[in-house]
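For reference, positions follow the sequence shown, starting with 1. Start at 1 and go down the list; that is how both ligands and their atoms are numbered.
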Amino acid sequence: MSIPPSALSAAADRFGTPLYVYDAAELDAALARVRSAFGGARVYYAMKANPNLAILRRLHAAGVGFECVSPGEIARAEHVGATGERLLVNGPAKSEAEYAAGGRLGATFIVDRAEEVALLPAHSRALVRVNPALQVSTHDHLATGAAGSKFGVTLEQAPAVLDALRAAGHEALGLHVHIGSAIRDAGDFTAAFGRLGDLRARTGELRVLDVGGGWGLGADLHGIAREAQATAAAFGAELWVEPGRYLVAQAGTLLTRIVGTKRTGRAFALVDAGMTELLRPMLYGAAHPVTPLWPGEASGLWDIAGPACESGDLLARDVPLPTPGRGDLIAIGEAGAYGAAMSSAYLTRSRPAEVMWEHGDWTVIRRRETPQDVWAAEVEPSGLDAGN
Ligand SMILES: Cc1ncc(COP(=O)(O)O)c(C=O)c1O
């Protein structure tokens with residue numbers, strides 16, 4: 001992220017905190033890194049990482065397609081004009097609404113179980129998701145390719161599901177694999193692609209191999225790409241990829257202000273953001289880089305604690321900080337993926353504003369919610385006003 005600290009402070013003053021800030025140049029740079037590593041592979045952005053319309057429009061304009069896993073995500077894709085070849089409809093338990101919308105928009109479906117062959121709209125294009133039955137180096141909740149996970153069909157089942165698709169009049173494009181998220185060890189991908197490659201003798205040539213996403217920020221992208229390309233070539237297939245986190249994580253920062261401090265055996269810096277704004281530390285034990293935006297040498301180790309009445313509401317532990325004071329700003333990095341996207345209105349907290357930094361200026365890409373936004377869909381019983 002290349003936004004100057006003075007611009008971050010100015011944004012916090014102007015838009016309030018907690019605040020999500022994004023660096024447009026870093027969004028573009030991440031896409032360029034993916035394209036440089038994966039050459040001509042078709043890129044589908046897994047919009048679950050960050051579905052903000054401004055980000056979708058930017059990626060759509062750059063020629064990227066979208067991977068969607070809910071009716072709402074499909075609606076977002078349609079809203080920004082991504083249909084047909086630019087749309088993948090995925091998910092382990094798709095609803096009727098998703099089959100109907102995907103069919104209407106000419107999407108490619110990712111089939112997650114044999115039963116889906118009969119549920120697809122007539123003459124669909126489809127990939128079969130394969131579970132390579134691998135233990136990978138990430139948090140258990142982020143692993144999707146383990147033997148016991150709910151995703152995909154087994155390696156043994158995959159050729160028969162391809163055949164069943166053809167027999168039912170669908171276009172069986174090929175295979176799909178996605179082993180999880182935030183995976184740094186390129187060896188995990190090599191192992192997964194290897195298991196898929198072993199299917200070649202039973203599937204024959206395929207048009208498409210989709211290797212999903214899941215690349216951790218420090219992962220050897222070029223190494224992963226080489227393995228993916230070699231596997232696709234063995235099938236005679238075109239390579240597709242579905243990065244989420246890699247495309248948006250580093251562009252995003254969560255700005256939060258110190259509300260106060262307290263010492264109870266541990267030292268707490270209490271801030272105005274927490275699990276409702278950034279759930280990943282609580283959900284996955286995720287470590288995000290924390291940068292104090294006030295001067296001084298680190299004076300001790302601090303836990304960064306949010307305002308929720310939940311003991312787990314900690315954004316980070318044991319962070320070296322100069323002595324914090326009320327109003328000081330903290331920047332929580334690598335927050336562009338699964339940050340705002342997973343924010344919630346628990347405790348009737350208003351989801352934060354989001355702003356984009358481009359050409360030396362800020363643009364609001366999501367206004368801060370109000371409490372009234374949060375309860376807007378609730379229906380109050382009539383005739384129960386106080387005094388009635
Ligand atoms: C099928 C599929 N593709 C792509 C992704 C994107 O993963 P990541 O954001 O780790 O790149 C996910 C995320 O879970 C996914 O389930």
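Aromatic pair W215/F38: ring centres closer than 6.0 Å.
Against a heavy-atom cut-off of under 4.0 Å, Y338 is close to the following atoms of ligand 1: 6 (C), 7 (O), 8 (P), 9 (O), 13 (C). Short contacts between ligand 1 and N90, defined as distances under 4.0 Å to a heavy atom of the residue, involve ligand atoms 1 (C). Counting the atoms of ligand 1 from 1 in the order shown, those under 4.0 Å from a heavy atom of A46 are 4 (C), 5 (C), 6 (C). Annotation for ligand 1: atoms under 4.0 Å from non-hydrogen atoms of R129 are 1 (C).
The shortest contact between atom 10 (O) of ligand 1 and any protein heavy atom is with S181 OG, 2.3 Å. Ranking the protein heavy atoms by distance from atom 12 (C) of ligand 1 puts H178 NE2, 3.2 Å first.
Remark: distances from the non-hydrogen atoms of G214 to ligand 1 include one below 4.0 Å. Ligand 1 lies out of reach of Y44, whose nearest heavy atom is not under 4.0 Å from it.
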Listing, residues 319-338 side-chain donor-acceptor contacts under 3.5 Å, not counting sequence neighbours, or none:
| unit_1 | atom_1 | unit_2 | atom_2 | d |
| --- | --- | --- | --- | --- |
| T323 | OG1 | S299 | OG | 2.9 |
| R326 | NH1 | V259 | O | 2.8 |
| D328 | OD2 | G325 | N | 2.8 |

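Between R86 and Y44, the shortest heavy-atom contact is C-CE2, 3.7 Å. Scanning all heavy atoms of the two residues, the minimum distance from S149 to N131 falls at OG-ND2, 3.5 Å.
On a distance-only criterion, W215 and ligand 1 share no N/O pair closer than 3.5 Å. Between A49 and ligand 1, a contact under 3.5 Å exists for no N or O pair.
In summary, D373 and R367 engage in a salt bridge, as defined by a charged side-chain N under 4.0 Å from a carboxylate O. Using a cutoff of 4.0 Å between basic side-chain nitrogens and carboxylate oxygens, R368 and E354 are not scored as salt-bridged.
Tested against E277 for a side-chain contact (heavy atoms from CB on, under 4.5 Å), the candidates R349, R351, M342 yield a single pass: R349.
Heavy atoms of E242 found under 4.0 angstrom from ligand 1 belong to the backbone as well as the side chain. When heavy-atom distances to ligand 1 are checked against a 4.0 Å cut-off, I183 has no atom that comes that close, whether in backbone or side chain.
Evaluation of the side chain to side chain contact (heavy atoms under 4.5 Å, CB included) rule for E227 yields T190, F193 as partners, not counting sequence neighbours.
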